[in-house]
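Per chain, numbering begins at 1; letters A, B, ... match sequence-line order.
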Protein chains: 2
Amino acid sequence: MDQTKIFSEFLGRKGLKTTSQRKIILRAFLSSQSHCSTEDLYLKLRKSHPKIGYATVHRTLKLLVECGIAIEQHFGDGHARFEPFQFDRHHDHLVCKDCGLIIEFEAPQIEELQKMVAATHEFMIKNHRHELYGLCSRCATK
Amino acid sequence: MDQTKIFSEFLGRKGLKTTSQRKIILRAFLSSQSHCSTEDLYLKLRKSHPKIGYATVHRTLKLLVECGIAIEQHFGDGHARFEPFQFDRHHDHLVCKDCGLIIEFEAPQIEELQKMVAATHEFMIKNHRHELYGLCSRCATK
DNA sequence: ATAGATTTTGATTACCATTATCATTAATAT
DNA sequence: ATATTAATGATAATGGTAATCAAAATCTAT
Ligand SMILES: [Mn+2]
Ligand SMILES: [Mn+2]
Ligand SMILES: [Zn+2]
Ligand SMILES: [Zn+2]
């Protein structure tokens, strides 16, 4: 099932309305590069849909998170960032403190060890954050 | 070398002054329970030293981070939290979303795998965050 | 010890991302 | 088509953090 349908069904279930803005924002989010902030998306949309307000972009991104289409990330710069959620994959991030480059990595062994840590503490994990901050290869050598 | 000395030498090196407030705040920080927010420490200090202002507590905690006595953590509730830095140990955190309990864990194997991930991407790690969010055993069973 | 230079303090304000407000507009059900 | 309910977008409120600034404290050089 595609995300447009997931979103409209989610809205229907909650008694919310499928508006043109919501459809436009979803489309823009999915076609934007990942890890975009609310402002990134707002500015991008502004070119083609200058009537859409910042608040609507913000609220719609929150809805996308709520229905599982997007996930929210925080990389320490004070701006929430959003990326499409992939239910069949999971990745964490390397964040360059110099140029802001974000590299994604998958480390199944770490995920397994995480589960063991939680089990040791009888802790039920709902989600996690694992971010490595430092310098990307380009910034480290210049 | 004890932390009082580390702090005063740091202040001296930077041309900053060793004030009574800074000494008091350092002592209170070290004797407070870990993961305290600026407000936690401010309210605690208020009882014994009601003249010390919030801004001074905030600025001093930043200085403690700068000189390596404290590290700053963010567990998603919008309040920066501080804990003593232990140069010979490192731990990450389990955070209960229900009661706020913070459990510390050490996982050397994860740390090693982290280094391998970074090496794969020619990335130079400066620091990292690894937090598992969910329910502690008490909250999971009630 | 004293005076002058520099920094700190503490009250207050500014900042800024996020969230709430509310009158107007739009979507849905009948 | 109309009534009902929610959404929109401009704007204001919120709240943790950080900046401002006059008064006070510290430090240095005598
Ligand atoms: Mn990502
Ligand atoms: Mn800790
Ligand atoms: Zn870089
Ligand atoms: Zn709990």
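Between the side chains of A:K44 and A:S31, at least one donor-acceptor pair of N or O atoms lies under 3.5 Å. Side-chain atoms of A:D92 and A:H90 include a donor-acceptor pair closer than 3.5 Å. With hydrogens and angles left out, the side-chain atoms of B:H49 and B:Q21 include no donor and acceptor closer than 3.5 Å. Counted by atom type alone, B:H130 and B:H128 present zero donor-acceptor pairs between their side chains at under 3.5 Å.
Atom-to-atom distance recorded for B:T60:OG1 and B:I25:CD1 is 3.5 Å, nearest 0.5 angstrom. With values rounded to the nearest 0.5 angstrom, A:L30 atom CG is found 7.0 Å from A:I69 atom CD1. B:H58 contributes atom NE2, which lies 11.5 Å from atom OG of B:S37 (distance to the nearest 0.5 angstrom).
The NZ atom of B:K17 sits 15 Å away from the P atom of C:dG4 (whole-angstrom rounding). Between the CG atom of A:L41 and the P atom of C:dT18 there is a distance of 13 Å, given to the nearest Å. Distance, B:L16 CG to C:dT8 C1': 10 Å, rounded to whole Å. For the pair B:K23 NZ and C:dT8 C1', the computed distance is 14 Å after rounding to whole Å.
Scanning all heavy atoms of the two residues, the minimum distance from B:F123 to A:V95 falls at CZ-O, 3.3 Å.
When ring centroids are compared, B:F75 and B:H93 come within the 6.0 Å threshold.
B:Q73 pairs in a side-chain hydrogen bond (donor to acceptor under 3.5 Å, both in side chains) with only one of the listed residues (B:E83, B:H79, B:R129, B:H35), which is B:E83.
Judged by distance alone with a 3.5 Å cut-off, no donor-acceptor contact links the side chain of B:K51 to the base of C:dT9.
When the side-chain nitrogen and oxygen atoms of A:T18 are compared with OP1 and OP2 of C:dA27, none of them lie within a distance under 4.0 Å.
One end of the helix from C:dA1-D:dT30 to C:dT30-D:dA1 points its axis 30° away from the other end's axis, with each axis taken from 5 pairs and the angle rounded to 10°.
With respect to the salt-bridge test (charged N to carboxylate O, under 4.0 angstrom), the residues B:R81 and B:E72 do not qualify.
Close approach of DNA chain D to chain B, defined as any atom under 4.0 Å from a non-hydrogen atom of the protein, starts and stops at D:dG16 to D:dC27.
For DNA chain D, the residues of residues 59-83 of chain B within the heavy-atom distance limit of 4.0 Å (strictly under) are B:R59, B:K62, B:G78, B:H79, B:A80, sorted by number.
Comparing A:I25 and B:Y54 by the nucleotide of DNA chain D whose heavy atom lies nearest to each, the residue mapping closer to the 5' end is A:I25.
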